[in-house]
Amino acid sequence: MKIEIQGLDAVQATEELLAIEGLEGSYQTIDEVEREGTLATIATIVGIVGGTLTIAEKLHKWKEKYQKSLHEATGAKIEKVLIVTANNHRLLLQDATLEQINEILKDYK
């Protein structure tokens, strides 16, 4: 499963994402981005340890933190987070519910 993160603080957000207990993976930065001044990373998740609902809750909380920060004057800035599974199922996290995140994680596991 891959998670693409775009925004000014994509690297910081990706490192925090991969620090979530139960997720195992790595990331790389991408040079080609749609707009100048925007960073992008691709996190490759190689393992999910534990229940998918627990991980989904942690991902949802992570998403809420960065989505909220987008509208504040300070804090991390993330514009887009897209999850893509090996089966090419895609989920844009911007408006994703906890249930939708859990379903895509089940698809991965």
Side-chain angles (χ1 to χ4, degrees):
M1 175 169 61
K2 299 202 182 288
I3 302 175
E4 179 181 345
I5 302 169
Q6 291 182 10
L8 242 101
D9 292 321
V11 171
Q12 174 187 338
T14 305
E15 289 174 350
E16 195 171 312
L17 170 77
L18 292 174
I20 292 175
E21 187 177 337
L23 284 181
E24 297 175 2
S26 60
Y27 77 94
Q28 63 185 19
T29 56
I30 309 237
D31 294 331
E32 299 174 21
V33 289
E34 296 170 6
R35 290 192 329 232
E36 199 171 312
T38 299
L39 296 174
T41 61
I42 299 282
T44 303
I45 306 301
V46 295
I48 295 178
V49 180
T52 56
L53 183 57
T54 302
I55 301 299
E57 288 170 345
K58 291 176 182 179
L59 274 173
H60 191 265
K61 185 177 179 182
W62 172 86
K63 173 206 60 137
E64 291 293 315
K65 172 187 174 182
Y66 280 97
Q67 194 170 13
K68 182 180 177 191
S69 295
L70 181 61
H71 302 291
E72 295 174 358
T74 61
K77 304 283 189 272
I78 295 300
E79 297 169 16
K80 177 183 171 184
V81 178
L82 177 68
I83 298 176
V84 181
T85 67
N87 298 341
N88 209 27
H89 291 131
R90 298 170 175 264
L91 178 63
L92 188 61
L93 282 191
Q94 182 176 350
D95 298 317
T97 65
L98 178 60
E99 292 78 19
Q100 290 170 316
I101 297 169
N102 189 39
E103 284 302 311
I104 205 157
L105 292 178
K106 283 182 183 177
D107 181 48
Y108 169 74
K109 231 177 168 183

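In this structure the side chain of R90 reaches within 4.5 angstrom of the side chain of N88, judged on heavy atoms. Side-chain contact between E57 and H60 is absent, with no heavy atoms from C-beta onward closer than 4.5 Å.
Summarising the geometry of A40 relative to Q6, their closest heavy-atom pair is CB-CG, 3.9 Å, with the distance given to 0.1 Å. Considering all non-hydrogen atoms of both residues, L39 and A10 come closest at O-CB, 3.8 Å. Pairing each heavy atom of L17 with each of L23, the nearest pair is O-CD1, 3.7 Å. Minimum heavy-atom separation, T97 to Q100: N-OE1, 2.8 Å. In terms of heavy atoms, A13 sits closest to I78 at CB-CD1, 3.5 Å.
In the hydrophobic cluster analysis, where Ile, Leu, Val, Met, Phe, Trp and Tyr join through side-chain heavy atoms closer than 4.5 angstrom, I20 is grouped together with Y27. I55 and L82 fall into different hydrophobic clusters, where Ile, Leu, Val, Met, Phe, Trp and Tyr are joined by side-chain heavy atoms under 4.5 Å apart, directly or via other members.
Taken from OG1 in T14 to CD in E4, the straight-line distance is 10.0 Å, to the nearest 0.5 Å. To the nearest 0.5 Å, atom CG of residue L91 and atom CG of residue L105 are 9.0 Å apart. Between atom CD1 of residue I45 and atom CD1 of residue I83 there is a gap of 8.5 Å, rounded to the nearest 0.5 Å. The line from CG of N87 to CD1 of I104 is 9.5 Å long, rounded to the nearest 0.5 Å. The structure places CE of M1 at 13.5 Å from NE2 of H89, a figure rounded to the nearest 0.5 Å. Note: T41 OG1 to L18 CG = 8.5 Å, rounded to the nearest 0.5 Å.
Using a cutoff of 4.0 Å between basic side-chain nitrogens and carboxylate oxygens, E64 and K61 are not scored as salt-bridged.
Remark: the backbone N or O of E21 is paired with a side-chain donor or acceptor of K58 at under 3.5 angstrom.
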